[in-house]
Amino acid sequence: MLVQSARLFRLIVSHHLHHSCTCSATQTFQRKLRSAAAAISRELKSMEPLKTAQDSEVPTTNSPLTSTKSSTNDVSSVDTDTASDKDKTSAVGLLPGETVVKEGKAAILFPSANVVFYNPVQEFNRDLTCAVITEFARELLAQRGVKVVVPGETERVVVSLSEEMNEADVKTEEKNGAEEPAVTATVGEKCEHGLRVLEGLAASGLRSVRFALEVPGLQSVTANDFSTKAAALIARNAQYNGVSHLLQASCKDASMLMYEMRGKNARYDVIDLDPYGSPSCFLDAAVQAVSEGGLLCITCTDMAVMAGNSGETCYSKYGSVSIKSRYCHEMALRIILHSLDQRAAVYQRYIQPLLSVSVDFYIRVFVRVFTGQATVKNSASKQALIYNCVGCGSFHLQRMGKRRSNGKNMKYSAATGPPVGPECEHCGQSHQLGGPIWAEPIHDLPFVQKVLSAVSGNPSRFGTSKRIEGVLSMVTEELEDVPLYYTVDSLSSTIHCNTPPLLQFRSALLHAGYSVSLSHACKNAIKTDAPPAAIWDIMRCWEKANPVKREKLSQTSPAFKILSTEPSLEACFTVREDANPQSRKRHLTRFQENPQAFWGPKARAKAGGGISTDLQDKRKKFQNKRKNQVTDSQLKSFPCKRFKEVTLPCCCFSLLEK
């Protein structure tokens, strides 16, 4: 290839030497000479990774942006600007052990060793993020006179989940008569008035590459990672996907990078943080580095801490005590929102949640950050403590502050409480104290409706469109002003009776005059504005139709205390039509089965890379809890002391003696 390029270079030189040296001919000769020199330089650069790859070739059939050009076509290029554009999409060779991972429109070079973290199960997370940022860009850039163009989206649609229809009622949005913006923004192109995006913990850069290829209206995407190997891989992936003009790789500490960009003119419009574990150490820098009205996208995978297993650790990281309860997943969402609002308030800023979801083994929140000293004063009244009964699971919320309107001004005062007595009025047990948590709505329903409409109208855009549609449909059906939820199975378990069907229990609440909805965070969840007394009255009525054996109940048990009280209302369990939500009627994908074995959090990436071959076997046997394995030499062979007639190679008593 190099010899062929040199011969072509000599042919071009000899051809022009035989022509007259006019001014126009000289300029043409110089232009073609520069083009040929640039082509030969690219040939030399492209030889290096190919030598290292040793006969391995990059597949080009499914990656049109990286199609390899022949040297003849490169030499015949006349325009130097066109040559520089082709240089951005030049082929990148595979290194030994590398594979190509494809997701969405991106094709990522990924090392086989565990040098860079990658979890394919979080494709839903990345798809949802692309959808949310697209709608955020559509709203924000419309104010700047820029129209966002999404591939495959012919016209804006609105999906109606009204009770009168069983299928999606698709309506075309009415045009308001305003003139169309003169500037349009498409995917893969740099928009001068577009969004500046930062992915603080990019790993392989898959998420950032997908932003550049799938989200229109971007000015720049910064993919940062503290690992030098990850940063080098990000740069190669940007070149491989032809988005080097949009995506810049960075190798810095994520917090320090965000602290450096705290200036008003240097802030990012979108900051995405998806760390391995807790994001708590990045939140302070994130709320400062995001622009006015900018978007923060935060993922938490430390669900053991946030779901109540380690309340003291949760307090040290997020400033809130978690409780092990049925509503732990929604409580985790409200804990991270509380932490974000608390850290933003230090800098006279406040948050506005757009979308908060609990999915699989992690939670994901999308919030906008604004500045306003007057609004920050409302922060205390937006937080609440939780009193959770350890016996029956009833809970009450206590606001941290109180505010009331006094004409044009707002008057603030300390909250009064507590809302419960020393013992639970229903079962006589004590209460746990948890929180504080975010007690305001965790979704912006008009914004969620726009995202849902865009995904439903263009289902081929994402690989997980069906699941996104199902989850967002449930989100739009949730009660906005009702924090936390009960579960039907836990209510039945408390009084030891049969579990009522979900539709019958929802109908009983509706007949009693209360509002009720499901929750995306739990399959059997019941969100309702009914007080605990009304809920237990309904359960008492259900127990009368499905009696339990009272003689087997302990007099000190919560079940005995609850069933000893007569219900104050007569529950009606006749199924109502509005008891079944539209997302359930349409059989949308709401709670999917596990996609694959060991689909949860993957092993943390190592600096040297590599995972032991027996890692999966250890997970199956010990779940990574037993670090020092017991060998056969440590076991005793004499008969077990408790079961003398049976000879066991090992038992818990023989191990204790050693």
Side-chain angles (χ1 to χ4, degrees), residues 124-125 127-140 158-162 270 272 290 293-300 306 327-341 344 350-360 362-370 375 378-379 381-384 397 437-456 464-465 467-485 515-523 525-529 581-584 588-591:
F124 174 82
N125 186 336
D127 286 350
L128 181 62
T129 304
C130 290
V132 170
I133 295 180
T134 300
E135 292 308 308
F136 173 72
R138 196 192 303 272
E139 288 188 2
L140 192 61
V158 175
V159 177
S160 174
L161 294 176
S162 60
V270 179
D272 190 301
V290 68
L295 181 66
L296 281 182
C297 314
I298 310 294
T299 300
C300 303
M306 305 189 72
Y327 49 77
C328 60
H329 291 92
E330 183 178 332
M331 184 177 181
L333 289 171
R334 296 183 179 274
I335 285 176
I336 184 62
L337 291 176
H338 157 74
S339 184
L340 282 169
D341 185 72
Y350 61 95
I351 67 169
Q352 176 189 344
L354 296 182
L355 175 63
S356 308
V357 293
S358 172
V359 183
D360 298 334
Y362 61 91
I363 59 175
R364 180 76 163 169
V365 295
F366 302 89
V367 301
R368 296 187 69 177
V369 181
F370 297 91
T375 310
N378 300 332
S379 180
S381 59
K382 295 178 181 178
Q383 322 298 324
L397 267 64
I437 64 171
W438 178 266
E440 294 293 301
I442 60 176
H443 312 294
D444 184 354
L445 292 186
F447 180 83
V448 176
Q449 187 68 53
K450 292 179 182 179
V451 178
L452 174 60
S453 301
V455 175
S456 302
T464 60
S465 292
R467 191 182 182 193
I468 293 177
E469 183 180 357
V471 172
L472 295 186
S473 296
M474 293 196 68
V475 167
T476 58
E477 295 169 347
E478 290 182 5
L479 296 177
E480 287 188 85
D481 53 348
V482 179
L484 309 181
Y485 53 80
S515 300
V516 63
S517 73
L518 300 179
S519 173
H520 77 279
C522 182
K523 187 175 182 179
I526 295 291
K527 291 178 73 71
T528 178
D529 56 355
Q582 288 297 314
S583 61
R584 197 168 183 266
L588 299 179
T589 304
R590 302 175 299 162
F591 304 96

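What you see is a predicted model; the values in this text were computed from it and never measured.
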For [X] and [Y], which heavy atoms make the closest approach, and how far apart are they?
| X | Y | value |
| --- | --- | --- |
| Leu333 | Ile442 | CD1-CD1, 4.3 Å |
| Cys328 | Tyr485 | N-OH, 4.5 Å |
| His338 | Trp438 | CB-N, 3.8 Å |
| Val455 | Ala131 | CG2-CB, 4.0 Å |
| Leu337 | Ser356 | CD1-OG, 3.8 Å |
| Thr134 | Cys130 | OG1-O, 2.6 Å |

Would a distance-only check, ignoring hydrogens and angles, find a side-chain to backbone donor-acceptor pair under 3.5 Å from [X] to [Y]?
| X | Y | result |
| --- | --- | --- |
| Glu330 | Ala521 | no |
| Arg334 | Glu440 | yes |
| Lys527 | Val482 | yes |
| Asp127 | Thr464 | yes |
| Thr528 | Ser515 | yes |
| Glu478 | His520 | yes |
| Ser519 | Ala525 | no |

Value rounded to 0.5 Å, distance of [atom1] in [X] from [atom2] in [Y]:
| X | Y | atom1 | atom2 | answer |
| --- | --- | --- | --- | --- |
| Leu588 | Ser473 | CG | OG | 5.0 Å |
| Tyr350 | Lys382 | OH | NZ | 7.5 Å |
| Asn125 | Thr129 | CG | OG1 | 4.5 Å |
| Tyr362 | Met306 | OH | CE | 14.5 Å |
| Phe370 | Gln352 | CZ | CD | 5.0 Å |
| Ile351 | Leu340 | CD1 | CG | 5.5 Å |

Go through the side-chain N and O atoms of [X] and [Y] and say whether any donor and acceptor fall under 3.5 Å apart.
| X | Y | answer |
| --- | --- | --- |
| Arg364 | Ser358 | no |
| Glu480 | His443 | no |
| Thr476 | Gln449 | no |

Looking at side-chain heavy atoms only, is the closest gap between [X] and [Y] below 4.5 Å?
| X | Y | value |
| --- | --- | --- |
| Val365 | Pro353 | no |
| Leu128 | Leu355 | yes |
| Leu295 | Ile133 | yes |
| Val357 | Val471 | yes |
| Asp481 | Asp529 | no |
| Met331 | Ile437 | yes |

Dump the intermediate steps for side chain to side chain contact (heavy atoms under 4.5 Å, CB included) on Ile363 and Thr299, then the final yes or no.
CA-CA 6 Å; Ile363 59 175; Thr299 300; over 6 Å; no
Residues in salt bridge (Lys or Arg N to Asp or Glu O under 4.0 Å) with Glu139, at least two apart?
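With sequence neighbours excluded, Glu139 shows a salt bridge (Lys or Arg N to Asp or Glu O under 4.0 Å) to Lys450, given in chain and number order.
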With Asp444, which residues qualify under salt bridge (Lys or Arg N to Asp or Glu O under 4.0 Å), at least two apart?
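Per chain and number, Asp444 pairs via salt bridge (Lys or Arg N to Asp or Glu O under 4.0 Å) with no residue.
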Go through the steps to decide whether Leu484 and Leu397 satisfy the test side chain to side chain contact (heavy atoms under 4.5 Å, CB included), and finish with yes or no.
CA-CA 10 Å; Leu484 309 181; Leu397 267 64; 4.2 Å; yes
Chi angles and distances behind the side chain to side chain contact (heavy atoms under 4.5 Å, CB included) call for Phe136, Val270:
CA-CA 9 Å; Phe136 173 72; Val270 179; 3.9 Å; yes
Salt bridge check, Arg467 against Asp360: does any charged N sit closer than 4.0 Å to a carboxylate O?
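Arg467 and Asp360: salt-bridged.
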Before you tell me yes or no, could you show the steps for Ile468 and Phe124 under side chain to side chain contact (heavy atoms under 4.5 Å, CB included), namely the whole-Å CA-CA distance, both residues' side-chain angles and the distance that decides it to 0.1 Å?
CA-CA 7 Å; Ile468 293 177; Phe124 174 82; 3.5 Å; yes
